[in-house]
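Step one of this worksheet: look at the structure below.
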Amino acid sequence: MSKTKILILIFSIVAVVSLVAGSAAAVLITVIANKDHVSRYEWIETLCDITDITEYETDDSFFNDVDKKNPHFPIVQAAVEGKILSAGGKLKGDKPATGEFVAVTALRAIDAFKRNHSQNIPYGMTDEEYLDLAIEQGIIDRSEAGKSLSEERCAKIEAMLEEIIEAESKSAETEEDYDMPATPAVKPYKSDDVSGNETEEIQTGNTDGSASNNEDIIDTSGIKLDHHYQTKHGKGPDVPGPVFQFDYPDGWKVTQENYDLQSIMEEVVLEDDRGAKIIYMDFVKLNYDGYFMTCGETVKVADSQFVPSYPEGTDSDMSYLGKFAVVLLNITEQLDMGMGDDYHKVDMDPFHITLAVIPESRIGKYEDLEGQSGIYELLSFDYPSKNCFIAEPPKDGWTDQEKAEAIAILSSFRVSDD
């Protein structure tokens with residue numbers, strides 16, 4: 001289908017402000033008039049205008065609440081295809097843009113601009129990492145992440161983006177760097193194969209930013225999930241939060257329910273009669289201080305029912321996490337940082353591979369520091385605390401039926417229906 005050029009309607013007034021104190025240069029800043037906040041729609045329109053991302057190809061809506069009749073449909077489609085937004089669930093575009101939403105989409109927009117100007121910016125950086133980078137670079141303060149930002153605050157961030165993009169435009173031909181790079185989610189690595197030859201650099205995810213080539217879908221349609229479980233910690237009066245639910249078939253039972261441990265708010269273990277485990281954990285914190293670097297790949301084996309939105313007890317919109325999936329974790333190499341700089345190959349038995357629920361944006365090849373909490377850092381996600389939902393095989397490894405049942409259980413994980 002031919003690309004559709006769209007005109008972005010921006011209800012704005014224009015103010016001329018100085019980029020930095022003492023600077024003679026000035027830029028035009030879009031400010032939303034007569035409002036104490038900026039909506040998500042308005043902020044996305046601003047970013048698309050700054051980066052000149054105004055085209056889209058796909059006529060199918062990327063969000064449940066933005067159909068073709070919605071006047072914002074064209075700009076939302078362009079933003080998703082331009083990788084400023086992650087598709088999936090509801091956009092809730094009329095709601096105020098939080099600091100988290102503004103910061104994540106701002107850095108996504110910078111990377112999108114660079115890609116559109118023929119720069120080799122790798123895909124694979126997660127929104128969580130964009131947020132951490134935005135806080136580190138001073139775009140927002142961590143205390144602003146869950147709060148709606150005023151028009152004045154958004155205008156200041158917009159000015160910063162204008163400055164970055166102007167500098168980037170000037171340096172495109174000379175390959176100069178601007179002061180605030182959006183670094184890759186995981187660093188490229190080089191390792192030695194058994195012959196001593198240096199292998200090529202590997203980046204997280206596919207070159208086109210999709211995860212579709214990292215799939216090995218397992219059919220679980222014949223598995224009946226007649227039993228249901230709801231997590232309990234989020235129901236407590238002291239610490240309100242999201243309540244999750246998952247379903248499971250006959251032959252599995254809950255064997256552990258632990259609460260308020262030193263670093264874990266809630267832990268639930270579901271087992272079958274051979275010792276295969278489904279584990280849910282809600283962490284107080286994770287210890288990232290580790291000694292091993294691991295390299296490998298996560299491969300999608302099923303869709304996930306989990307749709308991130310506004311976690312109970314917060315006003316943070318976490319739909320930016322995008323779609324989730326059930327993946328298998330295949331570790332291929334490991335580096336003991338106390339024993340040198342060389343990676344060593346790891347031969348993973350395919351019958352002993354861990355399964356997990358993670359955002360689709362993290363599917364693909366990776367390099368990760370394995371902390372003292374093991375692989376939970378890699379396989380956890382924020383909602384709003386660190387959560388982990390994984391499956392571990394029994395000592396003898398997965399049987400085909402057992403693995404399919406585990407995948408079906410993980411796929412059913414979602415915010416409680418009640």
What class does the angle between the rings of F306 and F413 fall in, given that below 30° is parallel, 30 to 60° is tilted and above 60° is perpendicular?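 F306 vs F413 ring planes: tilted.
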What orientation do H72 and Y41 show, parallel under 30°, tilted 30 to 60°, or perpendicular over 60°?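 Answer is parallel, since the angle falls under 30°.
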Less than 4.5 Å apart, any side-chain heavy atom of [X] and any of [Y]?
X: I140; Y: I157; result: yes
X: E158; Y: V38; result: no
X: I50; Y: T46; result: yes
X: H352; Y: E392; result: no
X: C388; Y: Y280; result: no

Tell me if a side-chain donor or acceptor on T58 pairs with a main-chain N or O of D60 at a distance below 3.5 Å.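 Between the backbone of D60 and the side chain of T58 there is no qualifying donor-acceptor contact (under 3.5 Å).
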Main-chain N/O of I407 paired to S411 side chain as donor or acceptor, under 3.5 Å: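 Answer holds: no.
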Dump the intermediate steps for side-chain contact (heavy atoms from CB on, under 4.5 Å) on I44 and L85, then the final yes or no. CA-CA 8 Å; I44 291 304; L85 283 176; 3.7 Å; yes
State plainly whether the residues [X] and [Y] are in salt-bridge range, i.e. N to O under 4.0 Å.
X: D141; Y: K147; value: no
X: R40; Y: D317; value: yes
X: R274; Y: E402; value: yes

Can you confirm whether or not the ring centre of F246 sits under 6.0 Å from the ring centre of F389?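 Yes, they do, as the ring centres are separated by less than 6.0 Å.
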Is the F324 to F381 ring centre distance short of 6.0 Å?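 Under 6.0 Å, so yes.
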Enclosure of D400 CG (heavy-atom neighbours >12, cutoff 6.0 Å):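 No, not enclosed.
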Go through the steps for E257 and Y229 under the test side-chain hydrogen bond (donor to acceptor under 3.5 Å, both in side chains), then give the verdict. CA-CA 11 Å; E257 294 177 294; Y229 185 90; 2.4 Å; yes
Nearest 0.5 Å, please: how far is CG in L329 from CD1 in I390?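 Atom-to-atom, I390:CD1 and L329:CG are 9.5 Å apart.
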